[in-house]
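The block underneath contains the structure these notes are about, expressed in structure tokens.
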Amino acid sequence: MIDCCHSQEYEAIFDTERAARDAARYREQGLKSTAQQIVTLLRKRDIDGHSLLEVGGGIGDMQIELLRAGVARAVNVELSPAYEEAASRLLEDAGMEGRVERHVTDFVEAAGDLQDADIVVMNMVVCCYPDMERLVRAAAGKARRYLAISFPRDLWLLSYLMPWVINLRSRLKGSDFRFFVHPPPKILATATAAGLRVEHQERGWLRRVALFSRPAPV
């Protein structure tokens, strides 16, 4: 499934060169710090046999690590088609080609067609989508057990300077892609309003990671 309008905007920024760089870095150094935080948090839970849905998973490096940690299968939903070749090679190298299903589409629009998953992950995706509430609601609605998300902290540097720099670069590339710093309290409130509870939070210098869980039925 491909939403061409959206995919063209994102592919100008998240292109094949970036995908190749991300794959090379992962092969040499492993996960980036925020991705590793999320994987470490989830590995502390009982995730054996669980299903995973990652929104904006890029090259799929977190999926590979979580599959190695016991997750049974994964689905990736990505707006840019530029990651597909690099992701396929990584899965082939890991011997996991049959365990990941990949879609190129707008997750918010396609959520109704996707199966629920035990774990839903969005790593630095909220800042790349204009309608934060629809995105977080859709992700929360798909999470049977856990929702793990990361997003920029609402510091002055991030709230004003970084979006200006990134969005200027985007315009120079001829893309309508925009970077957003959504208020963290609103992100958390949107997920909890969808029936989840905050189980754990970690604050870094630039980013914040939140792990939500769905309370067991009484």
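If you're wondering where the values come from, they're calculated on a predicted model, not measured in any experiment.
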Sequence-distant partners of Arg102, salt bridge (charged side-chain N to carboxylate O under 4.0 Å, His left out), two or more places apart
Glu84

If only atom types and distance count, is the side chain of Arg99 paired as donor or acceptor with the main-chain N or O of Ala72 below 3.5 Å?
yes

Does [atom1] in [X] sit with more than 12 non-hydrogen atoms of other residues, nucleotides or ligands closer than 6.0 Å?
{"X": "Arg144", "atom1": "CZ", "value": "yes"}
{"X": "Gln201", "atom1": "CD", "value": "yes"}
{"X": "Gln115", "atom1": "CD", "value": "no"}

Where do [X] and [Y] come nearest, in terms of heavy atoms and distance?
{"X": "Arg214", "Y": "Ala194", "answer": "NH1-O, 3.7 Å"}
{"X": "Ser150", "Y": "Val209", "answer": "CB-CG2, 4.0 Å"}
{"X": "Pro215", "Y": "Arg197", "answer": "CG-CD, 4.2 Å"}
{"X": "Leu147", "Y": "Ala139", "answer": "CD1-CB, 4.0 Å"}
{"X": "Pro81", "Y": "Leu79", "answer": "CD-O, 3.6 Å"}
{"X": "Ala19", "Y": "Ala82", "answer": "CB-O, 3.7 Å"}

Measuring from [X]:[atom1] to [Y]:[atom2], what's the distance to the nearest 0.5 Å?
{"X": "Met122", "Y": "Ile187", "atom1": "CE", "atom2": "CD1", "answer": "8.5 Å"}
{"X": "Ile59", "Y": "Glu78", "atom1": "CD1", "atom2": "CD", "answer": "10.5 Å"}
{"X": "Leu211", "Y": "Leu42", "atom1": "CG", "atom2": "CG", "answer": "6.0 Å"}
{"X": "Glu65", "Y": "Ile38", "atom1": "CD", "atom2": "CD1", "answer": "13.0 Å"}
{"X": "Leu114", "Y": "Phe107", "atom1": "CG", "atom2": "CZ", "answer": "6.5 Å"}
{"X": "His200", "Y": "Phe212", "atom1": "NE2", "atom2": "CZ", "answer": "12.0 Å"}

Using a 4.5 Å cut-off on heavy atoms from C-beta on, say whether the side chain of [Y] contacts that of [X].
{"X": "Leu52", "Y": "Arg73", "value": "no"}
{"X": "Glu54", "Y": "Val75", "value": "no"}
{"X": "Tyr146", "Y": "Asp118", "value": "no"}

Of all pairs that satisfy salt bridge (Lys or Arg N to Asp or Glu O under 4.0 Å), the ones with a partner from residues 26-38, not counting sequence neighbours:
Asp22-Lys32, Arg27-Asp93

Could you tell me whether the side chains of [X] and [Y] share a donor-acceptor contact shorter than 3.5 Å?
{"X": "Gln37", "Y": "Ser33", "value": "no"}
{"X": "Asp106", "Y": "Tyr129", "value": "yes"}
{"X": "Gln63", "Y": "Asn76", "value": "yes"}
{"X": "Ser213", "Y": "Arg45", "value": "no"}

Taking it one step at a time, do Arg134 and Glu109 satisfy salt bridge (Lys or Arg N to Asp or Glu O under 4.0 Å)?
CA-CA 10 Å; Arg134 286 187 69 201; Glu109 301 300 331; 3.4 Å; yes

Electrostatic pair Lys186-Glu133, nearest N-O below 4.0 angstrom:
yes

Would Thr192 and Val198 satisfy side chain to side chain contact (heavy atoms under 4.5 Å, CB included), going step by step from the backbone distance to the final call?
CA-CA 7 Å; Thr192 55; Val198 179; 4.0 Å; yes

